[in-house]
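Below is one structure, written out as structure tokens; the observations come after it.
The structure displayed is predicted, hence computed values, not measured ones. We name chains A, B, ... by the order of the sequence lines, and we start the count at 1 in each one.
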2 protein chains.
Amino acid sequence: MALETPTIKQLEYFVRLAESSTFRGAAEQLKISQPTLTAQIYNLEKTLNLTLVERSRSGATLTPAGRDLLTNARQVLEEMNGLLDQAAMMNHGPGGTFRMGVSPTIGPYLLPHILPGLHQTYASLKLFVRENTPKALELDLLEGRLDLVLISQPFGTPRLTTEVLFEEPLKLITPEDHPLAKLERVETHHLRGQNILTLEEQYSSYHQMELLCSELGATIARDYEGSSLDALRQMVIMGMGLTFVPSTYIYSEIHQPQGLSVRDVENLNLHRTLVLAWRQNSPNRGFYRQLAELIRSLVKTNLSDAKLSF
Amino acid sequence: MALETPTIKQLEYFVRLAESSTFRGAAEQLKISQPTLTAQIYNLEKTLNLTLVERSRSGATLTPAGRDLLTNARQVLEEMNGLLDQAAMMNHGPGGTFRMGVSPTIGPYLLPHILPGLHQTYASLKLFVRENTPKALELDLLEGRLDLVLISQPFGTPRLTTEVLFEEPLKLITPEDHPLAKLERVETHHLRGQNILTLEEQYSSYHQMELLCSELGATIARDYEGSSLDALRQMVIMGMGLTFVPSTYIYSEIHQPQGLSVRDVENLNLHRTLVLAWRQNSPNRGFYRQLAELIRSLVKTNLSDAKLSF
DNA sequence: TATGATGATAGGGATATCCTATCAATAAAA
DNA sequence: TTTTATTGATAGGATATCCCTATCATCATA
């Protein structure tokens, strides 16, 4: 039967034959028998419908067509070698570009503290980081557009594995001139009737806040939902209400809290739990687990100020 | 057994699978069965020692390594397609770049008249033309560095086929003020005692001239052998002797023979025979024969002034 | 003339490739 | 919840491909 595409082997044989200029010599270098080489070259010529080699008693010479196609054959083999090199690289350390999704409330404040450490441990690791809302991240992860997601619980677990990284406290921030800022200790009952600003509903903290407010008798400012922690901060400064933000945000962005007061609330153990998530059966789940462990230890050393718990 | 290099088929399967995102769909498009596809992808992964595809009940997704290698795989297939395209081109008309050797006493004066015609008939024909001395040309042809040689007889025929193209007369050229230039008719006996300039010994005309001179009683100017027809012409103008040059040279270069007289010698049927030569068993010998025929007819129409005989 | 090199050919065995039939697990529909 | 359809994995067997050894015919050379 007529073949359709030359074989990589046939191209290798052809190139070697062109360099050796005798079938026997080339066959020896290729560690195959001369009849095998003859047959494969013949097959190659048949699939291309061209005579590539001129046979004579004194050896083999390329025809004009053969000379021209030799260039192409070398290019094909070149690309194949590139592929093999790439694959070989990937056999040492994690291979490929991992796509990590991250919530906007986490990425800018956490990643700067851990990416250098990741690169140091996995020099060949390539991370493509993409921010999105939690719901979009979950869908992207489930459908394979992302490999990893760095997010705070609760996070859906239909076919996902989530590994807890750490818990971080949420801090109350108020305007500098707010009555609460002047108290020595802020108690839970002080929050009654206060206006609490939240992120949009797509963020998990929204529901957390909703629950909290109903318990404490505070109200949620539904008309002014923030789309970022920075936006929330600006709204607090403008006196539109109070809010809770994670401590990593505070320690990354608000070194001198101009116009703001950062407080803890007594007897209110408010925190968010950060997790790393991936598809349950992902072939790289072993590596992802290592990654989670590494992130945990990096955070422990680089963010000791933030009083995180593990 | 462990394989060494991925198969072209495996790469095709892999790329198609990446695009289809389900084994069954990809197999259907590839017109193979799903188990075959599964097996080949598995083989590919085994040769690369990498997991390329993440299998789930809802289809197949690429792993990070798979995504990165997909690019390489596409490049390999791209190059292979280039090779196939090239081969397909060569199936229409003569394929490849033909290397033609030509004597310096022929090329510059004959090729301008025939190359345009060749290109017109064989649009895809690519000719690489190289000038060299007849002896070097013969060796290059025998050892496969050239495919064709355009040269004048005699030309060695151990394992070569030579096809006569035409015969062209040799013309006597003298200085304008030479006594022979004033005669109405130049007879053979007028040449007795004259000094005849020739090309170097490597050229076949040298021996032809040697024989002629001994017959006519002329002498060969051994101290001043020319390395080109143009050199001979300059030497004639300088009054160093007479010489014979082919009529194609005259009709190409000397439109107004300044300082020169071009003459025929009565009863002296002096000419050179031009041939096209190739290796006896060359796979393209059929085409070469066509080529010789075409050159003959092109010369016949384009060089009718030169009084060639066929 | 004899020798050593070349590529071509014949016959047979090992392996790779591909198929059909079937399974187990899941997602979607009833 | 149950049923149905769809997913990829697996088993067994037919066929094609690849490769080998042994041998031949031809030619260059000693």
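- The main-chain N or O of A:Thr97 is found under 3.5 Å from a side-chain atom of B:Asp68 such that the two form a donor-acceptor pair.
- For B:Phe23, counting side-chain heavy atoms from C-beta on, the closest listed nucleotide (D:dG8, C:dT17, D:dC18) is D:dG8.
- Following rounding to the nearest Å, A:Ile41 (CD1) and D:dC18 (C1') show an atom-to-atom distance of 14 Å.
- Across C:dC19, D:dC19, C:dT6, the shortest atom-to-atom separation from the side chain of A:Thr22 is found for C:dT6.
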Protein-nucleotides 20-25 of chain C N/O pairs closer than 3.5 Å?
none

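- Between the C1' atom of D:dC19 and the CG atom of A:Leu37 lies a distance of 12 Å, rounded to the nearest Å.
- Distance B:Gln40 CD to D:dA16 C1': 13 Å, rounded to the nearest Å.
- Minimum atom distance to the side chain of B:Arg55 is reached by D:dA9, of the listed D:dC19, C:dT9, D:dA9.
- Taking the charged nitrogens against the carboxylate oxygens, B:Glu163 and B:Arg285 have no contact shorter than 4.0 Å, which rules out a salt bridge.
- In this entry the distance linking CG of A:Leu30 with P of D:dC18 reads 15 Å, nearest Å.
- Looking at A:Arg55, its side chain does come within 3.5 Å of a backbone N or O of A:Val53 through a donor-acceptor pair.
- Using a 4.0 Å cut-off between a side-chain N of Lys or Arg and a carboxylate O of Asp or Glu, A:Lys9 and A:Glu12 do not qualify as a salt bridge.
- Between D:dT17 and A:Lys9, no contact under 4.0 Å exists linking OP1 or OP2 to a side-chain N or O.
- The structure places CG of A:Leu148 at 8.5 Å from CG of A:Asn284, a figure rounded to the nearest 0.5 Å.
- Rounded to an integer number of Å, the gap from CD of A:Glu54 to C1' of C:dA8 is 16 Å.
- Candidate nucleotides D:dC18, C:dC18, C:dG7 were compared by shortest atom distance to the side chain of A:Asn43, and D:dC18 ranks first.
- At the phosphate of D:dC19, neither OP1 nor OP2 sits under 4.0 Å from any side-chain N or O atom of A:Thr38.
- Between the C1' atom of D:dC18 and the CD1 atom of B:Ile8 lies a distance of 17 Å, rounded to the nearest Å.
- At least one donor-acceptor pair under 3.5 Å links the side chain of B:Asn91 to the backbone N or O of A:Leu48.
- Taking atom OH on A:Tyr42 and atom P on C:dT9, their separation rounds to 9 Å, with Å as the unit.
- In summary, B:Lys135 and B:Glu138 do not engage in a salt bridge, as defined by a charged side-chain N under 4.0 Å from a carboxylate O.
- B:Arg279 has its CZ atom 16 Å from the P atom of D:dC27, to the nearest Å.
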